[in-house]
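Let me begin by presenting the structure, written as structure tokens, before commenting on it.
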Amino acid sequence: MKKILVTGALGQIGTELVLRLRKEYGIENVVASDVSKKESIVLEEGYFEILDVTDIKMIDDIVKKYNIDTILNLAALLSATGEKNPQLLWDINMNGLFNVLEVARENNLAVFTPSSIAAFGPNTPRTLTPQDTIQRPTTIYGVSKVAGELLCDYYYQKYGVDTRGVRYPGLISNGALPGGGTTDYAVHIYYEAIKQKKYTSYIAEGTKMDMMYMPDAIDAIIQLMEADSSKLIHRNAFNITAMSFDPEEIKESIQKYMTEFEMDYDVDSFRQTIADSWPDSLDDSAAREEWGWNPKYDLDSMTKDMLDTLGKR
Ligand code: NAD
Ligand code: SER
């Protein structure tokens with residue numbers, strides 16, 4: 001990666017990704033973009049462009065203007081928001097991705113597109129979900145993720161476009177708030193722990209999902225995009241995970257650092273149904289073997305860092 005365009009850059013991942021890329025690749029080599037401006041630390045320095053991924057000409061113009069060689073395509077709607085407007089989700093997640101891939105084909109670019117644990121469904125093996133297995137998701141978000149994985153592989157096989165991706169679990173961070181996913185409870189719980197010392201979980205006790213702290217999620221993008229292409233057997237998309245827990249386990253982790261913290265439940269059946277259709281834990285051995293994936297944070301080290309960071313703020 002030499003000249004990088006990030007779409008959806010003011011979102012949960014983009015905010016921390018852009019700051020890290022500017023440090024590692026140079027401020028002049030990173031172009032952040034999003035469909036509109038919102039308050040963000042990303043806008044304080046460096047390049048920023050308004051870019052709607054459903055407009056192919058806008059993507060092409062920006063790629064040519066900055067001589068881009070890699071697009072990190074984060075523009076998307078997430079699971080809960082998308083389920084409320086499937087048509088809009090398809091337009092952004094699928095037509096947007098198609099536009100990015102077409103521009104990449106014409107300009108010889110590499111493309112990173114995140115998939116998700118949502119690419120799996122109720123028929124998928126629930127524990128240690130294999131890299132290659134049944135993918136029959138029941139949300140429009142999951143359908144777009146499976147279709148996106150296939151489309152990215154197609155562009156690699158048919159046109160030689162260097163497409164790579166990971167299946168992210170729920171991501172926990174303290175930069176930008178999450179954008180309307182099912183796993184967002186695992187972020188909100190830390191904010192509420194600092195503010196109120198208590199949290200009401202909309203996800204039920206016993207519901208395990210894979211999770212990851214944002215510094216590891218960002219390492220994954222950089223490591224995978226810089227990996228030796230000849231070592232990649234898979235491309236779109238690699239299972240990656242750092243931990244798997246249910247609400248009780250994250251509560252107990254917080255109580256290790258904040259003994260007075262309390263949690264109760266008010267389960268939201270809409271998001272619970274989505275969570276129930278996803279795996280409990282992924283097998284990420286292909287990512288470990290093919291490009292050296294090795295996350296640094298477990299649940300307790302993430303909890304300590306989240307509480308320290310939010311507490312100071
Ligand atoms: P987010 O919702 O926080 O950010 C997405 C960004 O896309 C927003 O800033 C939004 O303004 C922008 N956007 C929306 N429509 C657009 C358009 N038409 N053109 C350009 N930008 C547009 O999402 P995120 O959490 O940063 O996720 C980024 C990617 O990672 C998505 O593909 C998502 O599915 C995937 N992912 C995220 C998680 C997670 O837990 N955050 C987990 C798995 C996969
Ligand atoms: N965190 C995401 C969501 O819940 C998973 O892709 O939608």
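It should be emphasised that the depicted structure is a prediction, and the values quoted were computed from it without experimental measurement. Order of listing sets the numbers, starting from 1, for every ligand and every atom in it. For this chain, numbers begin at 1 and follow the sequence in order.
- Atoms of ligand 2 lying under 4.0 Å from at least one heavy atom of T182, given by number and element, are 3 (C), 4 (O), 7 (O).
- Of the heavy atoms in Y168, none comes closer than 4.0 Å to ligand 2.
- The side chain of W278, and not its backbone, has at least one atom closer than 4.0 Å to an atom of ligand 2 (non-hydrogen atoms only; side chain from C-beta on).
- No side-chain donor-acceptor contact under 3.5 Å links T113 to the backbone of N73.
- For the pair R164 and F112, the cation-pi test (distance below 6.0 Å, angle within 45°) is failed.
- For Y47, the ring-ring contact (aromatic ring centres under 6.0 Å, His included) partners are Y66, not counting sequence neighbours.
- For Y155, the ring-ring contact (aromatic ring centres under 6.0 Å, His included) test picks out Y159, with sequence neighbours left out.
- The neighbour count for K304 NZ, taken as heavy atoms of other residues, nucleotides or ligands under 6.0 Å away, does not exceed 12.
- Atoms of ligand 2 found under 4.0 Å from any heavy atom of S116 (numbered from 1 in listed order, with element): 5 (C), 6 (O).
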May I have the N/O to N/O pairs between ligand 1 and the protein that fall below 3.5 Å, each with atom names and distance to one decimal?
from     : atom 1 : to   : atom 2 : distance (Å)
ligand 1 : 3 (O)  : Q12  : N      : 2.7
ligand 1 : 9 (O)  : G11  : N      : 3.3
ligand 1 : 9 (O)  : D34  : OD2    : 2.7
ligand 1 : 9 (O)  : K38  : NZ     : 3.0
ligand 1 : 11 (O) : D34  : OD1    : 2.6
ligand 1 : 11 (O) : K38  : NZ     : 3.4
ligand 1 : 18 (N) : D52  : OD1    : 2.9
ligand 1 : 19 (N) : V53  : N      : 3.0
ligand 1 : 26 (O) : Q12  : N      : 3.2
ligand 1 : 26 (O) : I13  : N      : 2.9
ligand 1 : 32 (O) : K145 : NZ     : 2.9
ligand 1 : 34 (O) : Y141 : OH     : 2.5
ligand 1 : 34 (O) : K145 : NZ     : 2.9
ligand 1 : 40 (O) : L171 : N      : 3.0
ligand 1 : 41 (N) : Q12  : OE1    : 2.9

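- Counting protein heavy atoms only, atom 1 (N) of ligand 2 is closest to T183 OG1, 2.7 Å.
- Counting all heavy atoms, side chain and backbone alike, I233 lies closest to E290 at N-OE1, 2.7 Å.
- For the ring-ring contact (aromatic ring centres under 6.0 Å, His included) test, residues two or more places apart in sequence or in another chain that qualify with Y213 are Y297.
- Cluster annotation: L74 and I50 are assigned to the same hydrophobic cluster (Ile/Leu/Val/Met/Phe/Trp/Tyr, side-chain heavy-atom contacts under 4.5 Å, transitive).
- What sits closest to atom 7 (O) of ligand 2 on the protein, heavy atoms only, is S79 OG, 2.6 Å.
- With salt bridges taken as basic N to acidic carboxylate O contacts below 4.0 Å, none links K251 and E262.
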